[in-house]
Amino acid sequence: GAGVSQTPSNKVTEKGKYVELRCDPISGHTALYWYRQSLGQGPEFLIYFQGTGAADDSGLPNDRFFAVRPEGSVSTLKIQRTERGDSAVYLCASSLESGPDSPLHFGNGTRLTVT
Amino acid sequence: RKEVEQDPGPFNVPEGATVAFNCTYSNSASQSFFWYRQDCRKEPKLLMSVYSSGNEDGRFTAQLNRASQYISLLIRDSKLSDSATYLCVVNPSGTYKYIFGTGTRLKVLA
């Protein structure tokens, strides 16, 4: 079946602009995660959704970052007033259940470049 | 101390060699452990879960040592196609976060 889908695959934006990154999880997966990965580093946790609600947003670096999942399926990560330091690959993952034994399935990521 | 630590490598090994990576974690109450594989400019993909009793999948063996708080991955008979970054993932107790290590780069040489 279809995997996790992320759009766009690449996004170049100017410093100070607003961007939205979209994630379409695997059908039926209730848990959805956003991670950010910089070159040479492992994925860094940003936020976790269980259904429509953000169950843990402790990884969001500051209030310029916000994510929603209004119908419990597609999620959008929103970044306001982008900074060059926001440049990274933003990865979305979903899992069948929320729980420690449910591995994550990742999308291909959105490569964000802030110039 | 980082929550999950890995030696970044690179580990350069000849084809057919056996290679092992360790990963240490700081939260002694962590409950779930995984190894993911990530190819260059691709997304991480689940390689295997790590169970308390240790588990094997073909040429790959994963082990958990709770007393010393580390997990290991052993790859036997390395293939060129095993060249990738191997990410250690830990789920701390009481959370749904999955914490990733920085990854260990493996290069298998012909």
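FYI, side chains are in, hydrogens and waters are out, and symmetry mates aren't considered; it's all heavy atoms of this structure.
- Judged by distance alone, the side chains of A:Gln6 and B:Glu43 never bring a donor and an acceptor atom under 3.5 Å apart.
- Within a 6.0 Å radius of CZ in B:Arg105, no more than 12 heavy atoms belonging to other residues, nucleotides or ligands are found.
- Clustering ILVMFWY residues whenever any of their side-chain heavy atoms sit less than 4.5 angstrom apart, transitively, puts B:Leu106 in the very cluster that holds B:Leu47.
- When heavy atoms are compared at a cutoff of 4.5 Å, A:Asp56 approaches chain B solely by way of its side chain, counted from C-beta outward.
- Under the 4.5 Å side-chain heavy-atom criterion for Ile, Leu, Val, Met, Phe, Trp and Tyr, A:Tyr35 and A:Leu112 are members of distinct hydrophobic clusters.
- Both A:Phe49 and A:Ile79 belong to a single network of hydrophobic side chains, linked directly or stepwise wherever heavy atoms of I, L, V, M, F, W or Y lie under 4.5 Å apart.
- Criterion: ILVMFWY side-chain heavy atoms under 4.5 Å apart, direct or through other members. Under it, A:Ile26 and A:Tyr48 are not part of a common hydrophobic cluster.
- Within a 6.0 Å sphere centred on CD of B:Glu3, other residues, nucleotides and ligands contribute 12 heavy atoms or fewer.
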- prompt: How far apart are the C-alpha atoms of B:Phe34 and A:Leu104, what are their side-chain angles, what is the distance that settles it, and do they pass the side-chain contact (heavy atoms from CB on, under 4.5 Å) test?
  reply: CA-CA 10 Å; B:Phe34 307 90; A:Leu104 302 180; over 6 Å; no
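- Atoms CG and NZ, on A:Leu46 and B:Lys97 in that order, are 10.5 Å from each other to the nearest 0.5 Å.
- At most 12 heavy atoms of other shown residues, nucleotides or ligands fall within 6.0 angstrom of atom CZ in A:Phe66.
- Between the CG atom in B:Asn91 and the OG atom in A:Ser102 there is a gap of 9.5 Å [rounded to 0.5 Å].
- A 4.5 Å side-chain heavy-atom check between A:His105 and B:Lys45 finds every atom pair outside the cut-off.
- Remark: aromatic rings of A:Tyr33 and B:Tyr98 are close, center separation under 6.0 Å.
- Crowding of A:Tyr18 atom OH: a count of heavy atoms from other residues, nucleotides or ligands under 6.0 Å exceeding 12.
- Residue B:Thr102 holds its OG1 atom at 13.0 Å from CD of A:Glu44, rounded to the nearest 0.5 Å.
- Residue contact with chain A, scored on non-hydrogen atoms closer than 4.5 Å, involves the side chain of B:Gln38 exclusively.
- With a threshold of 4.5 angstrom between heavy atoms, A:Gln37 approaches chain B through side-chain atoms but not through N, CA, C or O.
- Between atom CZ of residue A:Phe106 and atom NZ of residue B:Lys42 there is a gap of 15.5 Å, rounded to the nearest 0.5 Å.
- Looking at A:Leu39, there are no atoms closer than 4.5 Å to chain B (heavy atoms on both sides), in backbone or side chain.
- Judged purely by atom type and a 3.5 angstrom limit, B:Tyr96 has no side-chain atom pairing as donor or acceptor with the backbone of A:Gln50.
- Using a 4.5 Å cut-off between heavy atoms, A:Phe45 touches chain B through its side chain atoms alone.
- Here the side chains of B:Pro44 and A:Leu91 are in contact, with some heavy-atom distance below 4.5 Å.
- One hydrophobic cluster holds both B:Val4 and B:Leu64 under the rule that ILVMFWY side chains link at heavy-atom gaps under 4.5 Å.
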